[in-house]
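Shown next, in structure tokens, is the structure this report addresses.
Here is how names work: the chains are called A, B, and so on, in the same order as the sequence lines, proteins then strands, and each is numbered from 1.
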There are 2 protein chains.
Amino acid sequence: MDPNPPDPPSRRPTLSQVAEAAGVSEITASRALRGRSAVAKDTRLKVENAARALNYVPNRLAGTLAGGASRQVAVILPSLSNIVFADVLKGLETRLEQDGYHPILGISHYDAAREEHLLRDLLSWRPAGLVLARTAGNAATRSLLRAAEMPVVEVMDTDSDVADMVVGFSHRAAGRSMAHYLIGRGYRRIAYIGHDISTDFRALARLDGFKDGLAEVGLTLANTLMLDGPSSVPLGRTGLAQLLATASPAPKAVFFSNDDMAVGGVFHCQTAGLSLPGDIALAGFNGLSIGQALPTPLTTIASNRERIGFVAADHILRSLAGETPPKITRIEFRLVPGRTA
Amino acid sequence: MDPNPPDPPSRRPTLSQVAEAAGVSEITASRALRGRSAVAKDTRLKVENAARALNYVPNRLAGTLAGGASRQVAVILPSLSNIVFADVLKGLETRLEQDGYHPILGISHYDAAREEHLLRDLLSWRPAGLVLARTAGNAATRSLLRAAEMPVVEVMDTDSDVADMVVGFSHRAAGRSMAHYLIGRGYRRIAYIGHDISTDFRALARLDGFKDGLAEVGLTLANTLMLDGPSSVPLGRTGLAQLLATASPAPKAVFFSNDDMAVGGVFHCQTAGLSLPGDIALAGFNGLSIGQALPTPLTTIASNRERIGFVAADHILRSLAGETPPKITRIEFRLVPGRTA
DNA sequence: GCGCAAAATGATGGCGCTGTCATTGAGAAT
DNA sequence: ATTCTCAATGACAGCGCCATCATTTTGCGC
């Protein structure tokens, strides 16, 4: 009984083994499997059979190193707890997969240092392109991005200037448009309830735009409640309870940092017996399906996250194909009047 | 004016350029940067400075090819629309990142053929390990997995036998435990509302377990409504409306395929003025925070998806470190009695 | 048959890095 | 001093594949 048998030599078959089995040279086998240059039909069949028989799986590390471009795309997102980024990732993956590309993922947790570290790490895999939803300005990140020498798409908002291309919309404009809507509905005493805004600068941009919209008619926010922690339904629920318990006079309308928060607000109203929008009006942001399934559909702004991801991936792939996609692509948002405001 | 200037020689700096700048040999630079073997302190500093000055980013394709193991882990999930899998991915990424690993992602869309194709594709990147939430039995996938020669963890359910390791729980047992709970609460005329079950075999396993639990006391499902399409809040809402419009006598309790569906059911009751659980009792599965934030907290079964992902990644990393994690790791589910049943 | 272009195949080198096995030199032990 | 040890460094080869440039074979017109 050998106590430590020599490592089983079951290494994965290589291209040269396939070539040998097929009775051709390595390079011919390579061409046959990739189908790029001319290979006689029965040569190709021989090679394909040999590859199948050996259960050959190409080694793309070697392939990429030797010549081709990688078929990996680095993706950096700030979070996955928020369905919004999962949607973007889904759109990305869908488009990438069509061309045989795959995302390598990093989550920055809204942390600039971690983002930079991730960027370095992912770049070391020599991806063909890079998609990111950035966290905040960071000098090191900027210079890494500029030096990346690959297509780079920044997603989610169009207010950025670091990347090669941008796909998204202006969160500031979205906030402003909600202000216009609420003003148009006659609301004047308006409050805002947000989650941990120090990290989520896009929510902050919406808030700024919202304030701008109010200012255009000489209004300011009646109350502003900034809560700790990431956005969630429970946080929105307790947030509205807290606001209504303390604000006097009570606001007539509340704009939440997003739909999760706003749905929590709706739940509070259901619990407290407040009628929507008579006693109080609520509005969110994102257009999640849950908001629309509520007994009183949520007034919100619909964004198309999946499409943002899809288009971002498409831009990467088209850049790699030598095309020149637009620098800025707006994926329009849309105000969805519900019955809560 | 050169019409086609020679490609700018701005190729990324290589290790040998760093070595030259630091006045040492390539291999010494390699060691200095990796910090594995003995390098004199000031040699290391020289190399580090040179690397920084050149903005050197290592090429891990070459590094992995030459010797080391890859620091990528292939991840195959059936969907990202469902927050459940985003949670798993989050847990995975969190643990992987701690050791400098990154997930390469593939989405199978509950399609066995696509799953197999993805597996081949991802394997071609020679990842260090593989984590997947499988879709269904598929002979080709099985043999690929067995031949993978790397740690493989299957997540979400423990009813599988293909992978090296398994992290999850028995969906069948979860379904059974919900049956016991509802029976214990006195419900007898019980219905089930599910989404497109042909794809989601875990939901099907829960249903089977649920039926088993009913059978133990001589009951069967009063009604079964299987809806087309992926699970969602709106689908659950229309589903319950449809069931109550057609079933006669009406069921006293409904078990939904998951929380999204059940929340939709709650919304229908709110709209239709049905009181919970007096007029009808509802139960879901997953323990999403939204269900707990409802005015009447949802009765459900909490699963810890993020932990499943975290532990799965941990098993991969420990296997790579030479340890032997358990073959089967149960991440317990927990019945959460709410006020809807 | 002959010449020639085009198709098919092959030989070579190298992508950027690391494993392995030298080699060097400085200090410890004798 | 002389040997020995061990830390520090380096030379070399090769990971698996593909780009480039031969070379051979085939097809085809006349």
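Across the protein-nucleic acid pair, Trp125(B) atom CH2 and dC17(D) atom P stand 13 Å apart, rounded to whole Å. dG16(C) atom C1' lies 13 Å from atom CG of Leu33(B), rounded to whole Å. dG10(C) atom C1' lies 16 Å from atom CD of Glu20(A), rounded to whole Å. The nearest whole Å value for the distance from the CZ atom in Arg71(A) to the C1' atom in dC17(D) is 15 Å. Residue Leu65(B) contributes atom CG, which lies 7 Å from atom P of dG16(D) at whole-angstrom precision. At whole-Å resolution of the value, CG in Asn59(B) and C1' in dC15(D) are 13 Å apart. For Leu61(A) and dG14(D), the CG to P distance is 20 Å, given to the nearest whole Å. The interatomic distance linking Leu45(B) (CG) with dA8(D) (P) rounds to 13 Å, in whole Å.
In the set dG10(C), dG10(D), dG16(C), the nucleotide with an atom closest to the side chain of Val24(B) is dG10(D). Minimum atom distance to the side chain of Ser25(A) is reached by dA11(C), of the listed dG16(D), dA11(C), dC17(C).
The salt bridge (Lys or Arg N to Asp or Glu O under 4.0 Å) check on Arg60(A) picks up Asp121(B), with sequence neighbours excluded. With sequence neighbours left out, Glu154(B) forms a salt bridge (Lys or Arg N to Asp or Glu O under 4.0 Å) with Arg134(B). Residues satisfying the salt bridge (Lys or Arg N to Asp or Glu O under 4.0 Å) criterion with Glu26(B), sequence neighbours excluded, are absent altogether. When the side-chain hydrogen bond (donor to acceptor under 3.5 Å, both in side chains) test is applied to Asn59(B), no partner is found at least two apart in sequence or on another chain.
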Identify all side-chain donor-acceptor contacts of residues 65-74 of chain B below 3.5 Å with residues at least two apart in sequence or on another chain.
from     : atom 1 : to       : atom 2 : distance (Å)
Ser70(B) : OG     : Gln72(B) : N      : 3.0
Arg71(B) : NH1    : Asp99(B) : O      : 2.6
Gln72(B) : OE1    : Gln72(A) : NE2    : 3.2
Gln72(B) : NE2    : Gln72(A) : OE1    : 3.2

Nucleotides 18-20 of chain D: which of its N/O atoms have a protein N/O under 3.5 Å away?
from    : atom 1 : to       : atom 2 : distance (Å)
dC18(D) : OP2    : Ser30(A) : OG     : 2.5
dA19(D) : OP2    : Arg34(A) : NH1    : 3.3

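No more than 12 heavy-atom neighbours from other residues, nucleotides or ligands sit within 6.0 angstrom of CZ on Arg307(B).
Taking side-chain N and O atoms only, Thr28(A) has no distance below 4.0 Å to OP1 or OP2 of dT9(C). Taking only side-chain nitrogens and oxygens, Thr43(B) comes nearer than 4.0 Å to OP1 or OP2 of dT9(D).
When the options Arg202(B), Arg330(B), Arg305(B) are evaluated for a salt bridge (charged side-chain N to carboxylate O under 4.0 Å, His left out) with Asp157(B), the one that passes is Arg202(B).
For the pair Asp42(B) and Ser16(A), nearest-nucleotide mapping onto DNA chain D gives the more 5' position to Asp42(B).
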